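Read through the structure below, which is laid out as structure tokens, and then see the notes.
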Amino acid sequence: NDAPVNGLQATTTSTNEDTNLVFGAANGNRVTVSDVDAGGNVIQMTVQVTSGDLTLSTLAGLTFVAGDGTQDAVITANGTLARWNTALNGLMFRPTSNFNGGVTLTVTSNDLGFTGAGGAKTDTDLIAITGDLAEGHFHQISKMLEPLKNLKAPLGVFYITGNHEY
């Protein structure tokens with residue numbers, strides 16, 4: 001049994017405050033899934049965001065476990081690769097109104113172990129959706145930014161300011 005593979009044309013993207021973001025081939029940021037041995041078998045996928053909600057481009061051929069595919073923070077459903085790839089081409093992220101900060105979109109695919117030995121195999125990927133880090137003058141938001149001083153990463157910690165930082 002080979003694991004499914006999520007395809008992400010973009011692992012970091014941005015959107016303006018209160019502006020929807022559509023993931024698709026036309027925008028160069030499509031989300032896909034493949035699995036060399038899944039064939040016509042059903043796989044399970046979960047797409048979720050840490051803030052805001054998601055809407056699939058179509059609900060046809062999917063059986064929902066969590067959410068209904070429209071304006072959900074978490075969507076889990078079963079469907080074939082073809083049905084999932086159609087639903088993901090045009091996946092829309094709608095940010096929470098007036099939200100400032102980053103959002104993580106998590107994409108998890110599970111082949112449910114239908115083919116071959118070894119049980120179910122999964123793949124999980126993240127897309128960072130950047131936005132305004134905070135809104136307001138520094139003296140107003142400095143306490144809000146305090147936890148960022150503890151971030152550590154092997155290649156450094158970076159952020160992109162939005163249009164509200166001064």
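Note that the coordinates shown come from a computational prediction; the quantities given were computed from them, not determined experimentally. Quick note: numbers below take in every heavy atom, side chains included, and nothing from hydrogens, waters or symmetry partners.
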_Rounded to the nearest 0.5 Å, what separates atom OG in Ser34 from atom CH2 in Trp84?_
15.0 Å
*Gap between atom CZ of Phe114 and atom CG of Asn1 - 0.5 Å precision*: 10.5 Å
Side chain proximity check, [X] to [Y], heavy atoms < 4.5 angstrom:
X	Y	result
Thr115	Asn41	yes
Ile127	Val31	yes
Leu81	Val33	yes
Phe64	Thr76	no
Val49	Leu105	yes
Phe23	Leu88	no

*Would Leu8 and Met45 show up in the same hydrophobic cluster when neighbours are defined by side-chain heavy atoms closer than 4.5 Å?*
yes
*Check step by step if side-chain contact (heavy atoms from CB on, under 4.5 Å) holds for Ile75 and Leu56.*
CA-CA 9 Å; Ile75 300 169; Leu56 298 169; 4.0 Å; yes
[X] side chain to [Y] backbone, donor-acceptor under 3.5 Å:
X	Y	result
Asn29	Val22	yes
Arg94	Leu21	no
Asp72	Leu54	no

*asked:* Pair Ser109, Asn6 - check side chain to side chain donor-acceptor pair (under 3.5 Å), show working.
replied: CA-CA 7 Å; Ser109 55; Asn6 302 323; 2.8 Å; yes
Kindly give the heavy-atom pair with the smallest separation between [X] and [Y], and that separation in Å.
X	Y	result
Thr124	Thr106	CG2-CG2, 3.7 Å
Pro4	Asn110	CG-N, 4.2 Å
Asn89	Gly24	OD1-CA, 3.2 Å

*asked:* Can you tell whether the side chains of Asp111 and Lys121 come within less than 4.0 Å, N to carboxylate O?
replied: no
*Let me know which of Ile43, Val42, Leu62, Leu59 forms a side chain to side chain contact (heavy atoms under 4.5 Å, CB included) with Arg83.*
Leu62
_Residues forming a side-chain hydrogen bond (donor to acceptor under 3.5 Å, both in side chains) with Thr104, sequence neighbours excluded_ = none
*Go through the steps to decide whether Asn78 and Gln44 satisfy the test side chain to side chain donor-acceptor pair (under 3.5 Å), and finish with yes or no.*
CA-CA 4 Å; Asn78 297 328; Gln44 184 172 88; 2.9 Å; yes
*Evaluate side-chain contact (heavy atoms from CB on, under 4.5 Å) for Thr55 paired with Leu91, printing each intermediate quantity in order.*
CA-CA 6 Å; Thr55 297; Leu91 172 69; over 6 Å; no
*Begin with the C-alpha distance, continue with both residues' side-chain angles, and end with the deciding distance and a verdict on side chain to side chain donor-acceptor pair (under 3.5 Å) for Thr108 and Thr46.*
CA-CA 5 Å; Thr108 303; Thr46 299; 5.8 Å; no
